[in-house]
Enquirer: 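Would you mind keeping the following structure in view while I ask a few things?
This is a predicted model, so every value here is computed, not measured. All heavy atoms count here, side chains included; hydrogens, waters and symmetry mates do not. Residue numbers run from 1 in the order of the sequence given.
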Amino acid sequence: MELLQLKYFLTTARHGNMTRAARELYISQPALSKMIKSLENELGVPLFDRKGKHIVLNAFGEKFLKRANQALSALEQGVAEITEMSKENVEIISLYVAVGSMLLPWIVRRFRDKYPHIRFNLIQHPGKTGKALTYDFAITSEPLEHNEHVILLEEEIMLGVPRQHPLSSRNEVTLLELEHEKFISLTTGNPLRRTTDRFFADLPFSPDIIFESDDPATVRGLIESGLGISFIPSILWSGLLTEDIELIPIRGHRCIRTIYLSWPTKEEPTGLEQSFFVFIQQLFKEILPGNRR
(Lines give C-alpha, C1' and ligand atoms only; values in the text may rest on other atoms or scores of the structure.)
Protein backbone atom coordinates (compact mmCIF):
# COMPACT_ATOMS: atom_id res chain seq x y z
CA MET A 1 0.00 0.00 0.00
CA GLU A 2 1.38 3.39 -1.00
CA LEU A 3 1.10 6.75 0.71
CA LEU A 4 -0.21 8.23 -2.53
CA GLN A 5 -3.12 5.78 -2.48
CA LEU A 6 -4.12 6.99 0.97
CA LYS A 7 -3.98 10.65 -0.07
CA TYR A 8 -6.11 9.96 -3.15
CA PHE A 9 -8.59 7.95 -1.08
CA LEU A 10 -8.94 10.70 1.56
CA THR A 11 -9.43 13.40 -1.07
CA THR A 12 -12.06 11.34 -2.87
CA ALA A 13 -13.86 10.58 0.39
CA ARG A 14 -13.93 14.27 1.30
CA HIS A 15 -15.41 15.38 -2.03
CA GLY A 16 -17.70 12.41 -2.71
CA ASN A 17 -17.08 13.12 -6.38
CA MET A 18 -14.32 11.77 -8.64
CA THR A 19 -14.24 14.83 -10.88
CA ARG A 20 -13.75 17.36 -8.09
CA ALA A 21 -11.23 15.12 -6.31
CA ALA A 22 -9.21 14.65 -9.51
CA ARG A 23 -9.24 18.41 -10.09
CA GLU A 24 -7.82 19.07 -6.60
CA LEU A 25 -5.17 16.38 -7.08
CA TYR A 26 -4.20 17.67 -10.56
CA ILE A 27 -4.67 14.28 -12.19
CA SER A 28 -7.17 12.92 -14.68
CA GLN A 29 -10.37 11.30 -13.49
CA PRO A 30 -9.50 7.93 -15.11
CA ALA A 31 -6.14 7.94 -13.30
CA LEU A 32 -7.85 8.61 -9.98
CA SER A 33 -10.45 5.89 -10.61
CA LYS A 34 -7.68 3.45 -11.43
CA MET A 35 -5.82 4.32 -8.20
CA ILE A 36 -8.96 3.87 -6.06
CA LYS A 37 -9.75 0.59 -7.79
CA SER A 38 -6.20 -0.61 -7.16
CA LEU A 39 -6.58 0.21 -3.45
CA GLU A 40 -9.91 -1.63 -3.27
CA ASN A 41 -8.38 -4.66 -4.99
CA GLU A 42 -5.52 -4.67 -2.51
CA LEU A 43 -7.94 -4.54 0.42
CA GLY A 44 -10.28 -7.06 -1.16
CA VAL A 45 -13.40 -4.98 -0.57
CA PRO A 46 -15.10 -1.95 -2.17
CA LEU A 47 -14.73 1.29 -0.25
CA PHE A 48 -17.37 3.36 -2.03
CA ASP A 49 -20.92 2.89 -3.25
CA ARG A 50 -21.65 4.62 -6.55
CA LYS A 51 -24.83 6.74 -6.67
CA GLY A 52 -25.12 8.45 -10.02
CA LYS A 53 -22.42 11.11 -10.34
CA HIS A 54 -21.61 10.85 -6.67
CA ILE A 55 -19.85 8.22 -4.60
CA VAL A 56 -20.32 7.63 -0.87
CA LEU A 57 -18.27 5.67 1.63
CA ASN A 58 -19.71 2.31 2.57
CA ALA A 59 -19.12 0.55 5.91
CA PHE A 60 -15.68 -0.67 4.77
CA GLY A 61 -14.79 2.83 3.61
CA GLU A 62 -15.88 4.47 6.86
CA LYS A 63 -13.72 2.10 8.87
CA PHE A 64 -10.71 2.54 6.58
CA LEU A 65 -11.14 6.34 6.58
CA LYS A 66 -10.56 6.50 10.33
CA ARG A 67 -7.33 4.51 10.13
CA ALA A 68 -6.09 6.35 7.05
CA ASN A 69 -6.58 9.68 8.84
CA GLN A 70 -4.66 8.37 11.87
CA ALA A 71 -1.81 7.12 9.68
CA LEU A 72 -1.42 10.37 7.77
CA SER A 73 -1.74 12.48 10.93
CA ALA A 74 1.05 10.51 12.57
CA LEU A 75 3.23 10.86 9.47
CA GLU A 76 2.61 14.62 9.27
CA GLN A 77 3.56 15.05 12.91
CA GLY A 78 6.65 12.92 12.39
CA VAL A 79 7.73 15.04 9.43
CA ALA A 80 7.18 18.24 11.44
CA GLU A 81 9.19 16.91 14.38
CA ILE A 82 12.07 15.73 12.19
CA THR A 83 12.10 19.08 10.40
CA GLU A 84 12.26 20.89 13.74
CA MET A 85 15.01 18.61 15.00
CA SER A 86 17.09 19.11 11.86
CA LYS A 87 16.89 22.88 12.29
CA GLU A 88 17.77 23.08 15.96
CA ASN A 89 19.18 19.66 16.86
CA VAL A 90 16.54 19.08 19.55
CA GLU A 91 14.50 16.07 20.57
CA ILE A 92 10.76 16.36 21.09
CA ILE A 93 8.36 14.61 23.45
CA SER A 94 4.67 14.92 22.59
CA LEU A 95 2.70 14.87 25.83
CA TYR A 96 -1.11 14.82 25.98
CA VAL A 97 -2.28 16.05 29.39
CA ALA A 98 -5.99 15.47 30.03
CA VAL A 99 -5.71 15.84 33.82
CA GLY A 100 -3.26 17.46 36.22
CA SER A 101 -2.47 20.44 34.00
CA MET A 102 -1.33 22.40 37.08
CA LEU A 103 1.66 20.03 37.23
CA LEU A 104 2.83 20.86 33.71
CA PRO A 105 5.29 23.65 34.61
CA TRP A 106 6.81 21.40 37.27
CA ILE A 107 7.08 18.40 34.93
CA VAL A 108 8.64 20.39 32.10
CA ARG A 109 11.09 22.26 34.32
CA ARG A 110 12.28 19.18 36.20
CA PHE A 111 12.78 17.12 33.04
CA ARG A 112 14.56 19.91 31.17
CA ASP A 113 16.88 20.35 34.15
CA LYS A 114 18.17 16.88 33.28
CA TYR A 115 17.77 17.13 29.49
CA PRO A 116 18.06 20.81 28.52
CA HIS A 117 17.99 20.07 24.78
CA ILE A 118 14.48 18.58 25.01
CA ARG A 119 11.42 20.33 23.64
CA PHE A 120 7.88 19.41 24.67
CA ASN A 121 4.89 19.41 22.36
CA LEU A 122 2.09 19.81 24.92
CA ILE A 123 -1.48 18.86 24.02
CA GLN A 124 -4.19 19.90 26.48
CA HIS A 125 -7.32 20.78 24.50
CA PRO A 126 -7.29 18.72 21.29
CA GLY A 127 -10.81 19.85 20.30
CA LYS A 128 -12.70 18.30 17.40
CA THR A 129 -10.39 18.78 14.43
CA GLY A 130 -11.25 15.44 12.85
CA LYS A 131 -7.60 14.43 13.00
CA ALA A 132 -6.42 11.57 15.15
CA LEU A 133 -4.61 12.60 18.32
CA THR A 134 -0.96 11.55 18.23
CA TYR A 135 1.40 11.64 21.20
CA ASP A 136 4.31 9.83 22.82
CA PHE A 137 2.69 9.79 26.28
CA ALA A 138 -0.65 10.76 27.79
CA ILE A 139 -1.61 11.59 31.38
CA THR A 140 -5.29 10.77 31.85
CA SER A 141 -7.81 9.60 34.43
CA GLU A 142 -9.28 7.04 32.03
CA PRO A 143 -7.56 4.22 30.13
CA LEU A 144 -7.12 5.03 26.44
CA GLU A 145 -8.04 2.65 23.64
CA HIS A 146 -5.11 1.01 21.83
CA ASN A 147 -2.73 2.14 24.58
CA GLU A 148 -0.69 0.48 27.26
CA HIS A 149 -0.55 2.17 30.65
CA VAL A 150 0.80 2.23 34.17
CA ILE A 151 -0.88 3.78 37.20
CA LEU A 152 0.82 6.96 38.36
CA LEU A 153 -1.46 7.83 41.24
CA GLU A 154 -4.69 7.00 43.03
CA GLU A 155 -6.18 9.95 44.88
CA GLU A 156 -9.21 10.43 47.07
CA ILE A 157 -11.92 12.78 45.85
CA MET A 158 -13.12 14.90 48.77
CA LEU A 159 -15.91 17.40 49.28
CA GLY A 160 -14.80 21.03 49.19
CA VAL A 161 -17.06 23.43 51.10
CA PRO A 162 -16.77 27.11 52.04
CA ARG A 163 -15.40 27.71 55.51
CA GLN A 164 -18.71 29.15 56.71
CA HIS A 165 -20.78 26.23 55.33
CA PRO A 166 -22.75 24.13 57.87
CA LEU A 167 -20.84 21.02 56.76
CA SER A 168 -17.42 22.62 57.29
CA SER A 169 -17.09 21.28 60.85
CA ARG A 170 -17.86 17.70 59.87
CA ASN A 171 -15.19 14.98 59.95
CA GLU A 172 -16.90 13.10 57.12
CA VAL A 173 -20.04 13.18 54.99
CA THR A 174 -22.05 10.78 52.83
CA LEU A 175 -23.34 11.46 49.32
CA LEU A 176 -26.91 10.90 50.48
CA GLU A 177 -26.59 13.96 52.72
CA LEU A 178 -25.88 16.17 49.70
CA GLU A 179 -29.23 15.86 47.95
CA HIS A 180 -30.27 19.47 48.61
CA GLU A 181 -26.83 21.08 48.27
CA LYS A 182 -25.84 23.44 45.45
CA PHE A 183 -22.87 22.15 43.43
CA ILE A 184 -20.18 23.90 41.45
CA SER A 185 -18.71 21.61 38.81
CA LEU A 186 -16.39 21.32 35.89
CA THR A 187 -18.10 21.25 32.51
CA THR A 188 -19.65 18.17 30.96
CA GLY A 189 -17.05 16.12 29.09
CA ASN A 190 -14.25 16.97 31.49
CA PRO A 191 -12.62 13.72 32.74
CA LEU A 192 -13.05 14.68 36.42
CA ARG A 193 -16.70 15.55 35.78
CA ARG A 194 -17.26 12.11 34.24
CA THR A 195 -15.68 10.54 37.32
CA THR A 196 -17.79 12.48 39.81
CA ASP A 197 -21.00 11.96 37.80
CA ARG A 198 -20.49 8.22 38.27
CA PHE A 199 -20.62 8.66 42.05
CA PHE A 200 -24.37 9.21 41.72
CA ALA A 201 -25.11 6.26 39.41
CA ASP A 202 -26.71 4.22 42.21
CA LEU A 203 -28.30 7.12 44.09
CA PRO A 204 -31.91 8.29 43.76
CA PHE A 205 -30.86 11.84 42.82
CA SER A 206 -28.34 13.75 40.72
CA PRO A 207 -26.32 16.68 42.06
CA ASP A 208 -27.93 20.11 41.72
CA ILE A 209 -25.26 21.85 39.63
CA ILE A 210 -25.76 25.62 39.59
CA PHE A 211 -22.40 26.71 38.13
CA GLU A 212 -20.10 25.04 35.60
CA SER A 213 -16.59 26.02 34.55
CA ASP A 214 -13.74 24.41 32.63
CA ASP A 215 -11.19 26.11 34.92
CA PRO A 216 -10.32 24.58 38.34
CA ALA A 217 -9.26 28.00 39.66
CA THR A 218 -12.73 29.36 38.86
CA VAL A 219 -14.33 26.43 40.68
CA ARG A 220 -12.16 27.25 43.70
CA GLY A 221 -13.14 30.92 43.58
CA LEU A 222 -16.85 30.12 43.45
CA ILE A 223 -16.53 27.82 46.48
CA GLU A 224 -14.63 30.50 48.39
CA SER A 225 -17.42 32.96 47.57
CA GLY A 226 -19.88 30.69 49.34
CA LEU A 227 -21.89 29.94 46.21
CA GLY A 228 -21.76 26.17 46.49
CA ILE A 229 -19.76 23.03 47.16
CA SER A 230 -17.70 20.85 44.84
CA PHE A 231 -15.69 17.65 44.51
CA ILE A 232 -11.96 18.23 44.96
CA PRO A 233 -9.10 15.83 44.08
CA SER A 234 -7.14 15.68 47.30
CA ILE A 235 -3.62 15.58 45.80
CA LEU A 236 -3.47 17.13 42.33
CA TRP A 237 -5.66 20.10 43.29
CA SER A 238 -3.97 20.70 46.65
CA GLY A 239 -1.95 23.62 45.29
CA LEU A 240 -5.16 25.43 44.33
CA LEU A 241 -6.75 25.34 47.77
CA THR A 242 -6.80 28.06 50.41
CA GLU A 243 -7.79 28.25 54.08
CA ASP A 244 -11.26 29.41 52.96
CA ILE A 245 -12.09 25.91 51.72
CA GLU A 246 -12.55 22.90 54.00
CA LEU A 247 -11.99 19.41 52.60
CA ILE A 248 -14.23 16.69 54.01
CA PRO A 249 -13.77 12.93 53.37
CA ILE A 250 -16.72 11.18 51.73
CA ARG A 251 -17.74 7.89 53.31
CA GLY A 252 -20.00 5.11 52.07
CA HIS A 253 -18.78 5.35 48.45
CA ARG A 254 -15.41 4.73 46.88
CA CYS A 255 -14.69 8.29 45.76
CA ILE A 256 -11.32 7.71 44.10
CA ARG A 257 -9.81 8.57 40.74
CA THR A 258 -6.86 6.87 39.08
CA ILE A 259 -4.23 8.78 37.09
CA TYR A 260 -2.64 6.83 34.22
CA LEU A 261 0.45 7.27 32.10
CA SER A 262 -0.43 5.83 28.68
CA TRP A 263 1.46 5.31 25.43
CA PRO A 264 0.45 3.86 22.05
CA THR A 265 0.57 0.08 21.91
CA LYS A 266 3.36 -1.57 19.89
CA GLU A 267 5.40 1.61 19.69
CA GLU A 268 9.12 0.97 20.19
CA PRO A 269 10.33 3.59 22.72
CA THR A 270 13.37 5.71 22.02
CA GLY A 271 16.06 6.20 24.63
CA LEU A 272 14.59 9.60 25.47
CA GLU A 273 11.09 8.15 25.88
CA GLN A 274 12.43 5.46 28.21
CA SER A 275 14.09 8.19 30.30
CA PHE A 276 10.83 10.16 30.48
CA PHE A 277 8.91 7.00 31.43
CA VAL A 278 11.16 6.46 34.47
CA PHE A 279 11.23 10.18 35.30
CA ILE A 280 7.45 10.73 35.34
CA GLN A 281 6.81 7.73 37.57
CA GLN A 282 9.39 8.91 40.07
CA LEU A 283 7.97 12.43 39.97
CA PHE A 284 4.48 11.22 40.85
CA LYS A 285 5.87 9.16 43.72
CA GLU A 286 7.30 12.39 45.12
CA ILE A 287 3.88 14.06 45.28
CA LEU A 288 2.26 11.24 47.25
CA PRO A 289 1.43 12.55 50.76
CA GLY A 290 3.69 10.04 52.48
CA ASN A 291 6.66 11.08 50.34
CA ARG A 292 6.39 14.84 50.75
CA ARG A 293 9.17 16.64 52.54
Side-chain angles (χ1 to χ4, degrees), residues 95-107 110 122 124-125 137-144 149-163 165 167-168 170-175 177-178 181-201 203 206-207 209 211-225 227-262 280-292:
L95 180 61
Y96 169 41
V97 182
V99 296
S101 59
M102 61 285 294
L103 296 179
L104 271 178
W106 190 44
I107 292 172
R110 289 282 296 272
L122 300 174
Q124 292 181 257
H125 306 289
F137 294 100
I139 299 175
T140 70
S141 60
E142 300 163 315
L144 298 177
H149 66 257
V150 295
I151 294 175
L152 292 174
L153 176 71
E154 285 191 337
E155 64 176 336
E156 182 179 5
I157 305 296
M158 305 180 76
L159 189 70
V161 304
R163 210 163 103 184
H165 193 280
L167 293 174
S168 63
R170 295 279 296 275
N171 293 324
E172 60 182 40
V173 69
T174 68
L175 293 178
E177 296 177 85
L178 307 179
E181 296 291 339
K182 305 300 183 185
F183 276 83
I184 298 160
S185 177
L186 293 171
T187 50
T188 302
N190 181 281
L192 178 57
R193 171 68 179 274
R194 287 195 292 270
T195 296
T196 57
D197 280 351
R198 288 194 289 269
F199 295 167
F200 293 85
L203 296 182
S206 297
I209 298 173
F211 292 105
E212 290 184 336
S213 174
D214 60 0
D215 178 26
T218 300
V219 171
R220 176 199 65 192
L222 292 171
I223 299 172
E224 290 173 337
S225 299
L227 295 174
I229 65 176
S230 187
F231 292 112
I232 304 292
S234 59
I235 298 176
L236 294 190
W237 280 33
S238 60
L240 291 174
L241 301 180
T242 69
E243 61 182 13
D244 293 321
I245 296 177
E246 297 289 343
L247 289 185
I248 307 171
I250 301 168
R251 299 300 178 231
H253 281 74
R254 190 174 186 271
C255 296
I256 299 289
R257 77 166 175 173
T258 303
I259 307 300
Y260 300 92
L261 177 69
S262 302
I280 198 70
Q281 291 184 87
Q282 182 59 41
L283 201 66
F284 268 77
K285 286 180 181 178
E286 290 181 19
I287 68 174
L288 291 172
N291 294 334
R292 290 177 178 171

Enquirer: So, does Arg257 use its side chain to make a donor-acceptor pair with the main chain of Glu154 at under 3.5 Å?
Expert: no

Enquirer: Would you say the side-chain atoms of His165 pair up with the backbone N or O of Leu167, donor to acceptor, closer than 3.5 Å?
Expert: yes

Enquirer: Rounded to the nearest 0.5 Å, how far does CG of Leu261 lie from CD1 of Ile280?
Expert: 6.5 Å

Enquirer: Considering non-hydrogen atoms only, spot the tightest contact between Asp214 and Pro216 and give its length.
Expert: O-CD, 3.8 Å

Enquirer: Looking at CD1 of Ile107 and CG of Leu104, how far apart are the two atoms once the value is rounded to the nearest 0.5 Å?
Expert: 5.5 Å

Enquirer: Where the side chain of Ser213 meets the backbone of Asp215, is there a donor-acceptor pair that is under 3.5 Å apart?
Expert: yes

Enquirer: So, for Ser238 and Ser234, which heavy atoms are closest and what is the spacing to 0.1 Å?
Expert: CB-O, 3.7 Å

Enquirer: Distance from Glu177 atom CD to Leu159 atom CG, nearest 0.5 Å?
Expert: 10.0 Å

Enquirer: Where is the tightest heavy-atom contact between Ser230 and Ile223, given as atom of each residue plus distance?
Expert: CB-CD1, 3.5 Å

Enquirer: Ile157 and Ile250: which non-hydrogen atoms are nearest, and at how many Å?
Expert: O-CD1, 3.7 Å

Enquirer: Atom CD1 of Ile139 and atom CD1 of Ile259: how far apart are they, to the nearest 0.5 Å?
Expert: 9.0 Å

Enquirer: A side-chain contact here means heavy atoms from C-beta on lying under 4.5 Å apart; do Ile229 and Lys182 qualify?
Expert: no

Enquirer: Side chain of Glu155, backbone of Ile235: donor and acceptor closer than 3.5 Å?
Expert: yes

Enquirer: Looking only at heavy atoms, which two atoms of His149 and Tyr260 are closest? And how far apart?
Expert: CD2-CD2, 3.3 Å

Enquirer: For Val173 and Arg251: C-alpha separation, side-chain torsions, deciding distance, then whether side-chain contact (heavy atoms from CB on, under 4.5 Å) applies.
Expert: CA-CA 6 Å; Val173 69; Arg251 299 300 178 231; over 6 Å; no

Enquirer: For residues 231-244, which residue pairs qualify under salt bridge (Lys or Arg N to Asp or Glu O under 4.0 Å), counting only residues two or more places apart or in two chains?
Expert: Arg163-Asp244

Enquirer: Indicate yes or no: at least one non-hydrogen side-chain atom of Val99 is less than 4.5 angstrom from one of Leu192.
Expert: no

Enquirer: What pair of heavy atoms forms the shortest contact from Leu203 to Leu175, and how long is it?
Expert: CD1-CB, 3.6 Å

Enquirer: Would Thr218 and Phe211 count as a side-chain contact (heavy atoms from CB on, under 4.5 Å) if you check the C-alpha gap in whole Å, the side-chain angles of each, and the deciding distance to 0.1 Å?
Expert: CA-CA 10 Å; Thr218 300; Phe211 292 105; over 6 Å; no

Enquirer: Working to the nearest 0.5 angstrom, can you tell me the gap between Arg110 CZ and Glu286 CD?
Expert: 4.5 Å

Enquirer: Once you round to the nearest 0.5 Å, how far does CH2 of Trp106 lie from CG of Leu283?
Expert: 4.0 Å

Enquirer: Closer than 4.0 angstrom, basic N to acidic O: yes or no for Glu142 and Arg193?
Expert: no

